[in-house]
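Have a look at the structure below before the remarks.
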Amino acid sequence: MTTAAWLHEELTAVIEDECRLRGLDAPAAVPALEEPRDRAHGDLAATVALELARSWGLAPRALAERIAERLRPRLGDRVQRLEVAGPGFLNFFLSPLALLQDGRGMAVDLDGALAVDVGRGARVLVEFVSANPTGPLHIGNGWLSIYGDAVARLLAFGGFKVTREYYVNDTGGQIRTLGASVLAAHRGEAIPEGGYRGAYVSDLAASYDGPDDVEAAGRWAVPRILAMIRGALEELHIHFDSWYSQASIEEGGLVAEVVAKLGERGALYEADGAVWFAAERFGDVRDRVLRKANGDYTYLAGDIAYHYDKLVVRGFDRAIDVFGADHHGQVASLFAALRALGIDETRLEIRLGQMVSLLEDGAAVKFSKRAGTAVPLSWLVDKLGPDATRLLALSSSIDRASQVDLAKAQATSSENPVYYIQYAHARVSALRRQARQAGLELDPATDWSVLGHPRELELIRGLLRLPRVLATAIDERAPHRLVTWLLEVAGAFHGFYHDCPIVVEGDDRVRRARLALSDLAGRAIARSLDLIGVRAVEEM
RNA sequence: GCCCUCGUAGCUCAGUGGAGAGAGCAGCUGCCUUCUAAGCAGUCGGUCGCAGGUUCGAAUCCUGCCGAGGGCGCCA
């Protein structure tokens, strides 16, 4: 057991005992100990006294003193000092021994230390990218593809059975527009108003040999464009388990079936020759058309059927959609439809990523296919490589509209954070090689008690933070938290490496312990990099 | 007009109920005859958009305002 877990147990025991003495109900749970930002406040801190003071009718400080007094005799040599500070914080100063024990424990069983099983085998469908197959992916698409892929990796690590799916919008007006663009280019005519003008259109048109029909040309072009999209994703090590066709849902009759189901539940009405979904009654901001006056189904009708397919027909326990903020308008409608269909809406989770823009000459330029400001994803990957691209995309939260400074991303590529992290791993790899050559055996269970340098302790503290960070990253679907941790721990490792000789150290016991610590850092970094899909290199 | 998201250092961003707010880049200053200097150390830099409120405690929660982005189609 880690020191933090053990302290939490002791603290809980004291508080429960104190409750009995006072005839009070024990709190549902004593919050976990926190790591204060300021080391002057100890290694771990508890805020229970502040939280319980009111209901116990005591001054927080007095309550903290009382808890501290009861706790002190139980602490032994793993805690150097317990002090009450500020308004009533309980600050624990651990003995180096406790940290070293925890570090050694983690080194001996890293898998055990990191294990989280929040998924319990639940089947989750993660839908992401799903960009219309009318042109190559741009950087904005790319950012969210990388995010979706990292979330899928995290969920799989967290015990979910994950399926990655790309929803292919291979039907409807845009495909006709695409077909018309290809045909026009094929005939050497001008691209029609509102059509697709990229170079890929003329490339495709050159090899088009089908009939002179807009539908046919569109259907012909889609798989070819999808191949381009797939290629760009493969470069980033993003693979899908399933490419799900919108047309197939329509042709299979599911759209009609689901619309009928909504009708049976009294959620539909007709007006102006169209079939409407009474979405407002189910929480949407307005009602929506599902079937147009001309008999065609709307995109929303297909999307509702698609989600019905995910959650009912295919029976996934959970569906996670990763959308760009420009699809924000769909969210309320989809949830309204789930409510109307009687499907537990908590099974659907929609992650909206804010828009990505390009920073050029200090001004943001939005990605727009029409305005011609969409930079192809593959262009950036060619410049930076998959690792730097992925790390750049994952270093900030998707809740924030991020700005990519292309000039900086390229010019400072050697100073890119990805190299800082990979360099730490490469250094560990070099140490392992040199240790082998020097006949120094790597043993995680070696005696760690010979360590104690501030750099060593700082690195161990950082490593011990990983289990909590990982759990949070999974829970919040926030891979950027792992990136933040990687940067911190890489920094701690570089500091340790700089000040603490390892293979060349004279004291053999210290050599072995430092090698074990380095090795642990390397494994923890490699594991985390793998979860965000960035390679851990052996040398640089 | 209504709805959603965001506003933190010159720039790009962490931190979303805990104690004097952090990192990287940019600027300035040191450190390579020992395991990779793609490194380490120091320094400069902030009314956490503004104003109220809730709380023992607010960058974090609530309200209003300002600013940015997105949405509000019988488009997809």
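The structure presented is a predicted model; accordingly, all values stated were derived computationally and were not measured. Keep in mind that the numbers below use all heavy atoms, side chains included, and drop hydrogens, waters and symmetry copies.
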Taking A:Tyr497 for its side chain and A:Ala492 for its backbone only, find out whether a donor-acceptor pair lies under 3.5 Å. no
Mind checking if A:His41 touches a base, just sugar-phosphate, or nothing, with heavy atoms under 4.0 Å? base
Looking at A:Arg512 and A:Asp443, is there a salt bridge between them, counting it only when a charged N and a carboxylate O are closer than 4.0 Å? no
How does protein reach along nucleotides 6-16 of chain B, written 5' to 3' as B (base within reach of a heavy atom under 4.0 Å), S (only sugar-phosphate), or - (no contact)? SSB--SSSSSS
Listing time: all N or O pairs from protein to nucleotides 45-49 of chain B that are below 3.5 Å?
none

Determine the minimum heavy-atom distance between A:Val322 and A:Tyr147, stating which atoms define it. CG1-CD2, 3.7 Å
Residues at least two apart in sequence or cross-chain that pass side-chain hydrogen bond (donor to acceptor under 3.5 Å, both in side chains) with A:Glu505, listed by chain then number, are A:Arg514
List in numerical order all residues of residues 81-92 of chain A for which some heavy atom is under 4.0 Å away from an atom belonging to RNA chain B. A:Ala85, A:Phe89, A:Asn91
Strictly below 4.0 Å, N to O, side chains only: are A:Arg465 and A:Glu488 in salt-bridge contact? yes
What is the nucleic acid contact for A:Glu539, judged by heavy atoms within less than 4.0 Å: base, sugar-phosphate only, or nothing? base
To the nearest Å, how far apart are A:Tyr419 OH and B:G24 C1'? 16 Å
If we ignore hydrogens and angles and just use 3.5 Å, is the side chain of A:Gln422 paired with the main-chain N or O of A:Arg535 as donor and acceptor? yes
Distance, P atom - from B:G17 to B:U33, rounded to whole angstrom: 50 Å
Could you tell me how far apart A:Phe493 (CZ) and B:C40 (C1') are, to the nearest whole angstrom? 13 Å
Determine the interatomic distance between C1' on B:A9 and the same-named atom on B:G64; round to the nearest Å. 28 Å
Under the side-chain hydrogen bond (donor to acceptor under 3.5 Å, both in side chains) test, residues paired with A:Thr171 that sit two or more places apart: none
When all nucleic acid strands are considered with a 4.0 Å heavy-atom cut-off, which category describes A:Tyr497: base, sugar-phosphate, or nothing? base
Should A:Glu165 and A:Lys310 count as an ion pair when the cut-off is N to O under 4.0 Å? no
Round to a whole Å and report the spacing from CD of A:Glu35 to P of B:G17. 17 Å
Taking O4'-C1'-N9-C4 for purines and O4'-C1'-N1-C2 for pyrimidines, is B:C48 syn (within 90° of 0) or anti? anti
Could you tell me whether the phosphate oxygens of B:C40, OP1 or OP2, come under 4.0 Å of any side-chain nitrogen or oxygen in A:Tyr420? yes
I'd like the C1' distance from B:U54 over to B:U63, given in whole Å. 11 Å
Using atom CG of A:Leu52 as one end and atom C1' of B:G18 as the other, report the distance to the nearest whole Å. 15 Å
Quick check: do A:Leu392 and A:Trp143 have side-chain heavy atoms less than 4.5 Å from each other? yes
Remember a base hit wins even if backbone is also touched, and classify A:Ala426 as base, sugar-phosphate or nothing at under 4.0 Å, heavy atoms. base
Across all chains, not counting sequence neighbours, the side chain to side chain contact (heavy atoms under 4.5 Å, CB included) partners of A:Arg219 are A:Glu215
Write down the distance separating the C1' atoms in B:U43 and B:U47, rounded off to the nearest Å. 24 Å
Flag the pair A:Glu458 and A:Arg455 as a salt bridge only when some basic side-chain nitrogen lies within less than 4.0 angstrom of an acidic carboxylate oxygen. no
Using a heavy-atom cut-off of 4.0 Å across all strands, would you classify A:Pro60 as base, sugar-phosphate, or nothing? nothing
One character per nucleotide, please: for nucleotides 71-76 of chain B, 5' to 3', B when the base has a protein heavy atom closer than 4.0 Å, S when only the sugar-phosphate does, - otherwise. SSSBSB
Who pairs with A:His494 by ring pair (Phe, Tyr, Trp, His ring centres under 6.0 Å), at least two apart in sequence or on another chain? A:Tyr420, A:Tyr423
Within the 4.0 Å heavy-atom criterion, would you say A:Leu487 contacts the bases, only the backbone, or no part of the nucleic acid? nothing
Within the side chain of A:Tyr196, is there an N or O that forms a donor-acceptor pair under 3.5 Å with the backbone of A:Ala180? no
Among B:A37, B:A19, B:G70, find the nucleotide with the atom closest to the side chain of A:Met355. B:G70
Looking across every strand, which nucleic acid part, if any, lies under 4.0 Å from A:Ala45 by heavy atom: base, sugar-phosphate, or nothing? base
Across all chains, not counting sequence neighbours, the ring pair (Phe, Tyr, Trp, His ring centres under 6.0 Å) partners of A:Trp485 are none
A:Glu34 CD to B:G57 P, in whole Å, measures 17 Å
Contacting residues from residues 466-474 of chain A, given that a heavy atom lies under 4.0 angstrom of RNA chain B: none
Is a side-chain N or O of A:Ser518 found less than 3.5 angstrom from the main chain of A:Val428, in a donor-acceptor match? no
Taking A:Arg291 for its side chain and A:Gly273 for its backbone only, find out whether a donor-acceptor pair lies under 3.5 Å. no
Is A:Glu51 touching bases, backbone alone, or none of the nucleic acid, heavy atoms closer than 4.0 Å? base
For B:G39 and B:G53, measure between their P atoms and round to the nearest Å. 48 Å
Side chains of A:Val168 and A:Pro133: closer than 4.5 Å at any heavy-atom pair? yes
Applying ring pair (Phe, Tyr, Trp, His ring centres under 6.0 Å), can you list everything that pairs with A:Tyr306, at least two apart in sequence or on another chain? A:Tyr167, A:Tyr244
Based on Watson-Crick and G-U pairs with both distances under 3.5 Å, what dot-bracket line describes RNA chain B 5' to 3', crossing pairs as [ ] and inter-strand pairs as |? (((((((..((((....[...)))).(((((.......))))).....(((((..]....))))))))))))....
Ionic contact status for A:Arg432 with A:Asp519, cut-off 4.0 Å: yes
Euclidean distance, A:Asp309 CG relative to A:Ile249 CD1, rounded to 0.5 Å: 5.0 Å
Does a nitrogen or oxygen in the side chain of A:Arg455 sit under 4.0 Å from OP1 or OP2 of B:C40? no
Please give the distance between the P atoms of B:G1 and B:A58 as a whole number of Å. 34 Å
Student check: side-chain heavy atoms of A:Ile304 and A:Val255 closer than 4.5 Å: no
